[in-house]
Participant: 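The following block contains the structure, expressed as structure tokens.
Proteins get letters first, then strands, A, B, ... in listed order; numbering begins at 1 in each. All values below come from the heavy atoms of this structure, side chains included, with hydrogens, waters and symmetry mates left out.
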2 protein chains.
Amino acid sequence: MVRIRARTGAVTRALRYGGAVGATTASAAAGGAGSRGRIDKRQAILDAAFTVFAREGYAQATVDAIAAEAGVAKHTIYNHFGDKQTLLRQAIAAEADRAMAENLAAVERLRDHDGDIRVALESVGHRLVQCYCDDRSWALRRLLYAEISQFPDLLDIIQGRAANPVTEALADRLARLSLAGRLRISDPAEAAEQLGALLTGSMESRSRLGTRRLPDAELHSVTRAAVDTFLHAFGAEPPENT
Amino acid sequence: MVRIRARTGAVTRALRYGGAVGATTASAAAGGAGSRGRIDKRQAILDAAFTVFAREGYAQATVDAIAAEAGVAKHTIYNHFGDKQTLLRQAIAAEADRAMAENLAAVERLRDHDGDIRVALESVGHRLVQCYCDDRSWALRRLLYAEISQFPDLLDIIQGRAANPVTEALADRLARLSLAGRLRISDPAEAAEQLGALLTGSMESRSRLGTRRLPDAELHSVTRAAVDTFLHAFGAEPPENT
DNA sequence: CCAGATTTGCACTCTATGGTGCACTTTAAC
DNA sequence: GTTAAAGTGCACCATAGAGTGCAAATCTGG
């Protein structure tokens with residue numbers, strides 16, 4: 001027990017002054033909203049919590065471990081979040097925000113792409129697949145799957161921060177392209193859903209539930225195949241057979 | 001503590017003699033291989049373990065709860081499986097076998113379907129989607145996502161029992177159909193992957209990670225849309241536009 | 001340099017649970 | 001019926017981890 005204490009203390013200090021692990025790095029970049037006290041340990045805690053929760057699962061993750069990872073005293077965590085459940089919810093919400101922002105940014109790049117439609121779709125598709133296969137995205141997805149039966153309200157937290165808005169944004173872009181005569185789509189929402197499915201559908205098994213990092217070449221080839229099939233179904237001019 | 005004991009005992013007895021919950025029902029149907037002792041509590045334990053693990057997650061699930069659910073003494077569990085981890089692995093393996101068998105059966109129905117290709121694909125697709133959306137399938141998927149970082153070897157256990165063999169079987173069928181001139185497919189494996197993606201890709205958000213049961217009508221419409229898109233891309237005769 | 005807020009270290013409580021030991025009962029097979 | 005295997009009930013151990021209290025240290029704004 002005493003030995004554990006000592007080790008925790010050492011890690012804590014190393015993180016605080018060394019700032020090597022990433023949690024503290026992120027915290028430095030986030031000292032904006034309502035920063036009272038020090039350089040807002042809040043963000044560091046959220047980052048650390050997500051990391052540890054994702055690695056160990058909610059039940060296995062100990063608040064002590066999160067504190068150590070964040071370079072913070074356990075008490076500070078309870079000061080900020082009250083209890084472990086709240087911490088989980090906030091950590092997931094923060095991470096979902098980050099992930100969705102990335103996805104939306106990717107989709108938005110369809111807005112003023114005026115070259116070949118295939119090139120545009122492949123570019124955006126590739127970016128979307130990259131986001132989907134990002135380590136943190138997989139961690140978030142795993143964590144959601146893991147805890148959804150224990151915390152059904154996570155769905156509400158994710159609601160509006162997850163795939164849904166991204167698909168809608170994509171549907172918007174596809175509708176515009178269709179209106180401009182570049183695609184032939186009757187139901188943009190459905191088309192967006194299907195494009196998303198084609199892009200990400202095979203990632204689960206390919207990446208072995210996110211435990212294997214996929215080479216970029218593989219992402220490219222999946223993207224190309226997905227866009228190819230998509231254009232066969234929704235392209236404006238009937239494509240000559242491959 | 002005493003009160004908990006009492007309650008557990010009551011549930012246990014109710015299960016043993018009433019056989020109402022499903023675990024015991026299943027066990028009765030499985031007293032085949034190597035049944036020594038009683039009517040093989042083994043299967044009842046596996047079923048109960050899967051149920052409880054899926055509901056609570058590995059760490060939260062208590063062996064006592066599993067014993068109660070199975071209508072069995074805690075000791076019996078340890079007699080059969082040694083420890084909690086082994087129990088998890090075996091429960092998952094058993095459930096994966098079950099799920100894969102269902103999926104393969106669905107795919108096999110493509111073998112001697114000689115009518116309209118669209119009808120055949122929609123029929124099989126619908127069955128596949130149903131399997132995918134089955135409560136137990138979702139539970140298995142959630143459990144895998146949840147525990148994969150704690151037990152990476154679950155991948156090996158699932159290997160050969162999961163989506164992979166199903167996709168391969170589907171690729172086989174598609175290849176035959178292509179050879180018979182009913183489809184125009186250059187890469188059957190890729191086509192199978194894409195058909196699978198189109199069928200199941202939108203289920204995650206639609207069913208809210210499997211926490212919402214989808215009306216069969218919705219499954220049908222998704223299936224129809226998936227097959228439609230698939231045939232646009234891989235149909236033998238270029239379809240007239242919708 | 002001061003005051004108030006924040007953070008920290010550490011000890012401590014309380015509860016939960018995996019796993020075991022043991023004596024006793026039930027079951028299946030001969 | 002007898003017997004050995006399988007199952008049961010219960011007490012028990014050891015450990016671990018959430019959450020709290022408190023006094024001392026540290027920071028931040030003025």
Side-chain angles (χ1 to χ4, degrees), chain A residues 1-17 24 27 31 34-45 48-49 52-53 56-68 70-88 150, chain B residues 1-17 24 27-28 31-32 34-45 48-49 52-53 56-68 70-88 150:
Chain A
M1 185 80 83
V2 177
R3 219 170 314 163
I4 291 177
R5 288 294 174 196
R7 181 156 50 79
T8 302
V11 172
T12 298
R13 237 159 284 125
L15 272 174
R16 188 141 20 114
Y17 300 133
T24 35
S27 86
S35 89
R36 60 262 200 254
R38 290 185 185 175
I39 6 93
D40 233 15
K41 309 255 165 184
R42 193 187 175 83
Q43 191 58 37
I45 295 173
V52 176
F53 280 141
E56 322 252 1
Y58 174 77
Q60 296 285 39
T62 74
V63 177
D64 285 295
I66 295 171
V72 142
K74 183 161 70 160
H75 245 25
T76 307
I77 294 183
Y78 283 101
N79 284 342
H80 276 292
F81 300 98
D83 63 10
K84 204 184 168 188
Q85 297 201 3
T86 308
L87 180 55
L88 175 73
Q150 296 294 291
Chain B
M1 187 81 80
V2 177
R3 217 171 316 164
I4 290 177
R5 288 292 174 198
R7 182 155 51 78
T8 301
V11 172
T12 297
R13 236 159 286 125
L15 272 174
R16 189 143 18 116
Y17 300 131
T24 35
S27 86
S35 89
R36 57 264 201 251
R38 292 184 186 176
I39 8 89
D40 234 16
K41 308 256 167 184
R42 191 186 175 85
Q43 191 58 38
I45 295 173
V52 176
F53 280 141
E56 322 252 2
Y58 175 78
Q60 296 284 41
T62 73
V63 177
D64 285 294
I66 295 171
V72 143
K74 183 161 70 158
H75 246 25
T76 307
I77 294 183
Y78 283 101
N79 283 343
H80 276 292
F81 300 99
D83 63 10
K84 203 184 168 190
Q85 296 201 3
T86 308
L87 180 56
L88 175 73
Q150 296 292 293

Participant: What's the CZ-C1' distance between B/Phe81 and C/dG18, to the nearest Å?
Facilitator: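 Interatomic distance, CZ of B/Phe81 to C1' of C/dG18: 17 Å.
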Participant: Want to settle it: does A/Thr76 or B/Gly82 sit nearer the 5' end of DNA chain C, counting the closest nucleotide to each?
Facilitator: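 Looking at the nearest nucleotide for each, A/Thr76 comes out on the 5' side.
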Participant: Whole angstroms only, please: what is the CD1-P distance between B/Ile77 and C/dG18?
Facilitator: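 Distance check: B/Ile77 CD1 to C/dG18 P gives 10 Å.
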Participant: For the pair made of NE2 in A/His80 and C1' in C/dA5, what is the distance, rounded to whole Å?
Facilitator: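 Spelled out: NE2 on A/His80 to C1' on C/dA5 is 11 Å.
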Participant: Whether the B/Asn79 and B/Thr76 side chains hold a donor-acceptor pair (N or O, under 3.5 Å, no angle test) is what I'd like checked.
Facilitator: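 No pair is found: no donor N or O on one side chain lies under 3.5 Å from an acceptor on the other.
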Participant: For a quick test of reading the model, state the closest non-hydrogen atom pair linking B/Tyr78 to B/Asp83 and the distance between them.
Facilitator: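 Smallest interatomic distance, heavy atoms only, reads CE2-CA, 4.1 Å.
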Participant: For B/Ala65, which contact category applies under a 4.0 Å heavy-atom criterion: base, sugar-phosphate, or nothing?
Facilitator: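 Nothing: the residue B/Ala65, judged by heavy atoms under 4.0 Å, touches no strand.
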Participant: Which residue lies toward the 5' end of DNA chain D, A/Tyr58 or B/Asn79, if each is placed at its nearest nucleotide?
Facilitator: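 First, find each residue's nearest nucleotide; the 5'-ward one identifies B/Asn79.
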Participant: Quickly work out the B/Lys74 NZ to D/dA11 C1' distance and round it to whole Å.
Facilitator: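 Atom-to-atom, B/Lys74 to D/dA11, this comes out as 11 Å.
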Participant: Run through B/Ile45, B/Thr86, B/Leu87 and flag the one making a side chain to side chain contact (heavy atoms under 4.5 Å, CB included) with B/His80.
Facilitator: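 Single side chain to side chain contact (heavy atoms under 4.5 Å, CB included) partner of B/His80 among B/Ile45, B/Thr86, B/Leu87: B/Ile45.
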Participant: Expressed as a whole number of angstroms, how long is the span from A/Lys41:NZ to C/dT8:C1'?
Facilitator: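 Spelled out: NZ on A/Lys41 to C1' on C/dT8 is 10 Å.
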Participant: How do B/Gln85 and B/His75 order along DNA chain C: which one's closest nucleotide is nearer the 5' end?
Facilitator: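 That would be B/Gln85.
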Participant: Output the rounded distance in Å from CG (B/Leu88) to P (C/dG19).
Facilitator: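 Whole-Å distance recorded here is 12 Å.
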Participant: Which whole-number value in Å describes the distance from A/Tyr78 OH to C/dG9 P?
Facilitator: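 Going from OH in A/Tyr78 over to P in C/dG9 covers 16 Å.
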Participant: I need the CD-P distance between B/Gln60 and C/dA16, as an integer number of Å.
Facilitator: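 Distance, rounded to whole Å: 12 Å.
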Participant: Measure across A/Tyr58 and A/Lys84 and return the closest heavy-atom pair with its distance rounded to 0.1 Å.
Facilitator: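 That closest heavy-atom pairing would be O-NZ, 2.9 Å.
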